[in-house]
Amino acid sequence: MGLFNRNKKKPEIREDTTPDAQVVSNPLLRSLLGEDGVDRDTVMNIPAIAACINMIADTVSALKIKLYKRNGDRIEEVTDDPRTFLLNDDTGDTLDAVQFKKAMVVDMFLSRGGYTFVNWIGGQVRSIHYVEAERIGFRKNTDPIFKDYQLEVGGYTYEPWQFIKLLRNTRNGCYGKPITEESPELMDIIYSSQKYEKNLVKTGGNKKGFLKAKSRVAKEVIDMLKEAFRRLYANNTENVVVLNDGLEFQESSSTSVEMQLNENKETNNKDACKIFLIPPSIINGNSTAEDKKQYFQGCIMPILVRFSTAINRAMLREDEKTTMFFAFDDTDLTKGDIEKRFTAYKTALDSGFMQLDEVRKNEKLPAFGLDFIKLGLQDVIYYPKENKIYTPNTNKMSEMGAEAAVPEKDEVAPVQQQEGDDIGDEN
């Protein structure tokens, strides 16, 4: 274990037989157990769900992950660590960094979670390898306090610290709950509505119903009518069924207009967006600045925090965890339009909150090499620890509460002259 020894006695790992431990993910096994509902492939056939998941995954996967180090009160970026190259460019696996991050987010929503093996060799991370959640098994202990578990992949047993685990709604740290289990009824309603609409399209919108006869109808006639209606619903080339005298067609279901499929579809799409905390306007393409802000703060930010926390736990050595941390660079997401952004920069520069090169770095522009902060001569600087005041305009340091000395006339700087004074007027 070496650097990764947690210095505690681990509880014995035994097979947990509680229902929570029996994670059923195989569709065939679920069908044998009588568990109906939608699965991963079915959910991704729902346009609104697929759009939400892909948008979130694409947003997260496009962001860079940076490594930072705390140096006293300062936080400095570490730019020469090879782990950031693995997380942002080449993972050393068949998936590149963007594909790895997207696969993790998609699995977080549709599977038990996203899992990536961290290949530690000699105290260094050499590569990271995404693993499909369906290929991972778990062996948990039964202690509700000192929880522990092991992961089984391909016949081998691994420890939890060897994996980056991106989980949602987890209660044990092993695996989370996918949206198909969290909101099964809503998923089933949306998918059933979609299937109903599909059947209407395939049958050309023809109505379902039954035939009413005034007298008993011979079996031969019934068979002929059944065949005629079968051809009618099979395709639109034969769209006429002849009913003899005494036969009447009675519809047994509402029409598409009565069912208000378009309105239902819109409502279902909004409900789907609620699962992911995404404003519907984001998916529809007519979002406002406030919608984008809500999308970032309510949907993306929690995932970034969850993801970076999982990376810190698996890719930092124990002696690094108190001083270093990984974090997503969300600068591009928080940028507003250019006018608001530049106005904010101007305020930061005028107040000394930022330097010019820091602004240019945020805008991905080359630095000027100007290492200074502008201070206005009109400002008075107070040092609370020393109880002193410095006035840049007169270059004077005085103690708070002390009687201020009146400067001589020739000591007054020209910038103190009132507006309208004539410097060249000797009178």
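Only a predicted model underlies this, so the values are computations on that prediction, with no experimental measurement involved.
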Residues, nucleotides or ligands: over 12 heavy atoms within 6.0 Å of E266 CD: no

Pair D107 + R40, salt bridge at N-O below 4.0 Å: yes

Polar side chain donor-acceptor pair, D291 to S281, under 3.5 angstrom: yes

Test side-chain contact (heavy atoms from CB on, under 4.5 Å) applied to Y149 and R139, step by step: CA-CA 5 Å; Y149 65 95; R139 297 178 64 243; over 6 Å; no

Over all atoms of both residues, closest heavy-atom pair of C299 and L277: CB-O, 3.7 Å

Note, F117 side chain near D93 side chain (heavy atom, < 4.5 Å): no

Min side-chain heavy-atom separation I300-L304 under 4.5 Å: yes

Nearest non-hydrogen partners of N45 and Q194, listed with the distance: O-NE2, 2.9 Å

Salt-bridge contact D350-K346 (side-chain N to carboxylate O under 4.0 Å): yes

Reported CD1-to-OG distance for the pair I190 and S183, which is rounded to 0.5 angstrom: 9.0 Å

Mutual orientation of the aromatic rings belonging to F307 and F100 [parallel < 30°, tilted 30-60°, perpendicular > 60°]: perpendicular

T91 side chain vs A97 backbone, donor-acceptor pair below 3.5 Å: no

Any side-chain heavy-atom pair of N269 and N284 under 4.5 Å: no

Side chain to side chain donor-acceptor pair (under 3.5 Å), paired with N169, selected from E181, K177, E182: E182

Exam field: side chain N312 to backbone S308, donor-acceptor pair closer than 3.5 Å: yes

Heavy-atom pair with the smallest gap, counting every atom of P160 and D148: CG-OD1, 4.3 Å

4.5 Å side-chain heavy-atom contact, N54 and M44: yes

Distance-only side-chain donor-acceptor flag, Q99 / S61, under 3.5 Å: no

Worked verdict on R317 versus Q124 for side-chain contact (heavy atoms from CB on, under 4.5 Å): CA-CA 9 Å; R317 297 190 299 270; Q124 299 292 329; 3.9 Å; yes

Separation between CD1 of I303 and CZ of F276, rounded to the nearest 0.5 Å: 9.5 Å

Residues Y295 and T59: side-chain donor-acceptor under 3.5 angstrom: yes

Minimum heavy-atom distance between T116 and I128, given as atom pair plus value: CG2-CB, 3.8 Å

Nearest heavy-atom neighbours spanning K165 and G173: CE-O, 3.8 Å

Min side-chain heavy-atom separation E134-S111 under 4.5 Å: yes

Nearest atoms (heavy-atom pairs only) where C273 meets I283: SG-CG1, 3.9 Å

Presence of salt bridge, K66 and D329, under 4.0 angstrom: yes

Expected output: side-chain N88 to main-chain I65 donor-acceptor under 3.5 Å: yes

Flag, side chain of Q297 to backbone of Q294, donor-acceptor distance under 3.5 Å: no

Distance (rounded to the nearest 0.5 Å) between T267 OG1 and I189 CD1: 11.5 Å

T94 side chain reached by H129 side chain, heavy atoms, under 4.5 Å: no

Gap separating the CG atom of D188 from the OG1 atom of T180, nearest 0.5 angstrom: 11.5 Å

Check: T84 side chain, D80 main-chain N or O, donor-acceptor pair, under 3.5 Å: no

R83/E320 ion pair, N-O < 4.0 Å: yes

Contact check, side chains of R70 and M324, non-hydrogen atoms, under 4.5 Å: no

Steps toward side-chain contact (heavy atoms from CB on, under 4.5 Å) verdict (I75, F325): CA-CA 10 Å; I75 295 179; F325 62 93; 4.0 Å; yes

Pair T170-N172, side-chain donor/acceptor within less than 3.5 Å: yes

Test item: W120 side-chain N/O and A314 main-chain N/O as donor-acceptor pair under 3.5 Å: yes

Test item: K321 side-chain N/O and R313 main-chain N/O as donor-acceptor pair under 3.5 Å: yes

T157 OG1 to E152 CD distance, which is reported to the nearest 0.5 Å: 4.5 Å

R168 to F109, cation-pi by 6.0 Å centre distance and 45° axis angle: no

Side chains of T42 and D39, donor plus acceptor under 3.5 Å: yes

Intermediate values then yes/no, side-chain contact (heavy atoms from CB on, under 4.5 Å), I56 and I278: CA-CA 9 Å; I56 296 172; I278 297 180; 3.6 Å; yes

K101 (side chain) donor-acceptor with L63 (main chain) under 3.5 angstrom: yes

Stepwise ring pair (Phe, Tyr, Trp, His ring centres under 6.0 Å) check, Y175 with F138: CA-CA 9 Å; Y175 46 79; F138 301 92; 5.2 Å; yes

Distance (rounded to the nearest 0.5 Å) between R360 CZ and F368 CZ: 3.5 Å

